[in-house]
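The figures that follow rest on heavy atoms only: side chains count, while hydrogens, waters and symmetry mates do not. All values derive from a computational prediction rather than experimental measurement.
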Amino acid sequence: SSGSKQKPKKKTADIITDDKDSKKMGLVAFSLKKAGEWEDIINLIDNLDYDALSVEFLESLVGIVGLITKYKKKVSDWKPDKKNPPSTPEHFKMLSSAELMVHHLSKIDVGIDNGLKKAAESMLFVKSFDEQYKPLDKSLNILLSASKEVLDSEKLPNILRYSKINMCNN
């Protein structure tokens with residue numbers, strides 16, 4: 001015996017057991033947490049406050065929402081003492097970052113089918129609209145001014161009338 005005591009193994013929830021999913025979700029959770037505490041993030045998403053969230057945040061959220069949905073029931077059904085849902089800091093320390101993300105963000109789905117997915121996709125669309133619109137802006141303005149010229153033209157109706165008469169006479 002070496003005399004050194006072994007640390008007790010940290011008790012974990014082990015809800016998300018698929019390593020690939022867990023790692024992917026853990027990375028996204030780390031990235032999303034840069035925007036603030038989970039409760040703040042939930043409020044921003046609930047309020048569709050896309051201005052407060054980056055395009056990268058929203059793209060990550062849209063990309064991970066399927067996995068959040070996949071594990072939502074499993075995480076929400078977890079009871080650390082086999083009877084009650086998690087309520088103490090010790091309970092939440094048992095959750096991995098991926099499990100914590102699912103625990104918090106799945107609250108957004110309450111009352112709305114696929115609420116988190118719809119909110120994330122809507123915010124990403126609105127946030128990225130300007131970037132998608134800018135390349136079209138010049139062409140749309142040219143088309144708009146050409147349409148106005150056609151509508152405002154005093155000569156065009158006469159030309160069209162004249163060409164219709166000529167076509168009928170031929």
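Between S153 and P157, the shortest heavy-atom contact is O-CD, 3.5 Å. Closest non-hydrogen pair, P80 versus P86, comes out as CD-N, 3.7 Å. Between A29 and S97, the shortest heavy-atom distance links the atoms CB-O, 3.6 Å. Residue L95 comes nearest to A13 through the heavy atom pair CD2-CB, 3.7 Å, listed as atom of the first residue, atom of the second, then distance. The shortest heavy-atom contact between I108 and G115 is CG2-C, 4.3 Å. For A35 against L53, the heavy-atom pair with the smallest separation is CB-CD2, 4.3 Å.
At a threshold of 4.5 Å between side-chain heavy atoms, the hydrophobic network of Ile, Leu, Val, Met, Phe, Trp and Tyr places L27 and L105 in two separate groups. Note on F30 and V102: separate hydrophobic clusters, where clusters join Ile, Leu, Val, Met, Phe, Trp and Tyr whose side-chain heavy atoms are under 4.5 Å apart, directly or indirectly.
Using a 4.5 Å heavy-atom threshold, the side chains of L32 and S60 count as touching. By the 4.5 Å heavy-atom criterion applied to side chains, H104 and I42 are counted as neighbours.
In this structure, the separation between OG1 on T69 and CG on L116 is 6.5 Å, given to the nearest 0.5 Å. To the nearest 0.5 Å, atom CG of residue L61 and atom CE of residue M101 are 8.5 Å apart. Here M94 contributes atom CE and L100 contributes atom CG; the two are 11.5 Å apart, rounded to the nearest 0.5 Å. Note that CD1 of I45 is 5.0 Å distant from CE of M123, once rounded to the nearest 0.5 Å.
In this structure a side-chain-to-backbone donor-acceptor pair under 3.5 Å is missing from E59 to L124. At distances below 3.5 Å, not a single donor-acceptor pair connects side-chain atoms of E99 with backbone N or O atoms of V75. Formation of a donor-acceptor pair under 3.5 Å by the K127 side chain with backbone atoms of Y50 is found in this model.
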All N/O donor-acceptor pairs, side-chain side in residues 134-148, below 3.5 Å, sequence neighbours left out:
from: D137; atom 1: OD1; to: Y133; atom 2: OH; distance (Å): 3.0
from: D137; atom 1: OD1; to: N141; atom 2: ND2; distance (Å): 3.3
from: N141; atom 1: ND2; to: D137; atom 2: O; distance (Å): 3.3
from: S145; atom 1: OG; to: N141; atom 2: O; distance (Å): 3.4
from: S145; atom 1: OG; to: I142; atom 2: O; distance (Å): 3.1
from: S147; atom 1: OG; to: L143; atom 2: O; distance (Å): 2.9

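Screening residues 70-101 for ring-ring contact (aromatic ring centres under 6.0 Å, His included) gives F92-H103 as the qualifying pairs, with residues at least two apart or on separate chains. Applying the salt bridge (charged side-chain N to carboxylate O under 4.0 Å, His left out) rule to pairs touching residues 74-88 yields K73-D77, sequence neighbours excluded. Applying the salt bridge (charged side-chain N to carboxylate O under 4.0 Å, His left out) test to every pair with at least one member in residues 36-45, sequence neighbours left out, gives these pairs: K33-E37, E39-K107. Sorted by first then second residue, the salt bridge (charged side-chain N to carboxylate O under 4.0 Å, His left out) pairs that include residues 19-32, not counting sequence neighbours, are D21-K70.
Under the salt bridge (charged side-chain N to carboxylate O under 4.0 Å, His left out) criterion, E121 pairs with K117, not counting sequence neighbours.
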* **Steps toward side chain to side chain contact (heavy atoms under 4.5 Å, CB included) verdict (K34, F57)** => CA-CA 9 Å; K34 291 178 184 174; F57 176 98; over 6 Å; no
